[in-house]
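Reviewing the structure listed below.
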Amino acid sequence: MQHQATVEKLSKGYELEPRRVANDCMSLLKAHPGLSPKLDNFYTNTGEEQTLMCLTGTIQIIYGGNKYNIPFTIWIPKQYPRIPPLCFVLPTKDMVIKNHHNHVDANGQCYFPYLNQWAVHSHILEL
């Protein structure tokens, strides 16, 4: 299966629940084939650098009856699943994030209600 080996390798860096990380990520990759896993540097709001697995690429949405491929990255924190993933829209040069969007800030970070209610039993596929 595509991405399985990469996800298995990257999830070994997650000490809390590496099997859960791998399973959840593979479920999301199956549901959204435009995403791919990789290891990259994430910078927190305080400037701290963390090396994390992320699923990056495009997610297809339907809005107003039209299909759109939205550039998206989902970062998997080391404390996953105890804390939620971090989700970002990555607008292209031709895209604009709507001012005062209900669920996406000016930097592209997503604030979905599901993320605010995240619990250890929550699943990344339900985003």
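In this chain, residues are counted from 1 in sequence order.
- When the side chains of ILVMFWY residues are joined at heavy-atom separations under 4.5 Å, either directly or via intervening members, I74 and M95 end up in a single hydrophobic cluster.
- Heavy-atom contacts from other residues, nucleotides or ligands closer than 6.0 Å to CG of N41 number more than 12.
- Rounding to the nearest 0.5 Å gives a distance of 10.0 Å between NE2 of H32 and OG1 of T58.
- Considering only heavy atoms from C-beta on, P77 stays 4.5 Å or farther from R82 through its side chain.
- I97 and Y111 fall into different hydrophobic clusters, where Ile, Leu, Val, Met, Phe, Trp and Tyr side chains are chained together by heavy-atom contacts under 4.5 Å.
- Within the 4.5 Å cutoff, no side-chain heavy atoms of P91 are placed close to those of V96.
- Within a 6.0 Å radius of CD in E15, no more than 12 heavy atoms belonging to other residues, nucleotides or ligands are found.
- Looking at F72 and L55, their side chains never come closer than 4.5 Å, going by heavy atoms from C-beta outward.
- V7 and L16 fall into different hydrophobic clusters, where Ile, Leu, Val, Met, Phe, Trp and Tyr are joined by side-chain heavy atoms under 4.5 Å apart, directly or via other members.
- Taking each heavy atom of C110 and L115 in turn, the nearest pair found is O-CD1, 3.8 Å.
- Proximity of L125 to K30: side-chain heavy atoms (C-beta onward) are nowhere separated by under 4.5 Å.
- Of the options T6, D40, V21, a side chain to side chain contact (heavy atoms under 4.5 Å, CB included) to M53 is made by V21 and by none of the others.
- Under a hydrophobic clustering in which Ile, Leu, Val, Met, Phe, Trp and Tyr are joined whenever their side-chain heavy atoms come within less than 4.5 Å, directly or via other members, I83 and L28 fall into different clusters.
- With rounding to the nearest 0.5 Å, the separation of OG1 in T56 from CG in L35 is 7.5 Å.
- At least one donor-acceptor pair closer than 3.5 Å links the side chain of Y114 to the backbone N or O of H123.
- In this structure, SG on C54 lies 8.0 Å from CG on L39, to the nearest 0.5 angstrom.
- Follow the hydrophobic side-chain contacts under 4.5 Å out from W118 and you never reach V120; the two are in separate clusters.
- Using a 4.5 Å cut-off on side-chain heavy atoms (C-beta onward), Y14 and L52 make contact.
- With rounding to the nearest 0.5 Å, the separation of NZ in K12 from CG in L10 is 10.5 Å.
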Review point. Given E8 and R19, is the side chain to side chain contact (heavy atoms under 4.5 Å, CB included) satisfied, shown in steps?
Key: CA-CA 8 Å; E8 292 289 336; R19 174 77 352 237; 2.5 Å; yes

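- In terms of heavy atoms, H103 sits closest to H101 at N-ND1, 2.8 Å.
- Side chain of D105 to main chain of N107: a donor-acceptor pair is present (N/O by atom type, distance under 3.5 Å, no hydrogens or angles).
- Between the OG1 atom in T73 and the CZ atom in F88 there is a gap of 9.0 Å [rounded to 0.5 Å].
- Contact of the T92 side chain with the P71 side chain is registered, since non-hydrogen atoms from C-beta on lie closer than 4.5 Å.
- Side chains of I124 and I76 form a contact here, defined as non-hydrogen atoms less than 4.5 Å apart.
- Going from atom CD of Q117 over to atom OG of S122 covers 8.5 Å, rounded to the nearest 0.5 Å.
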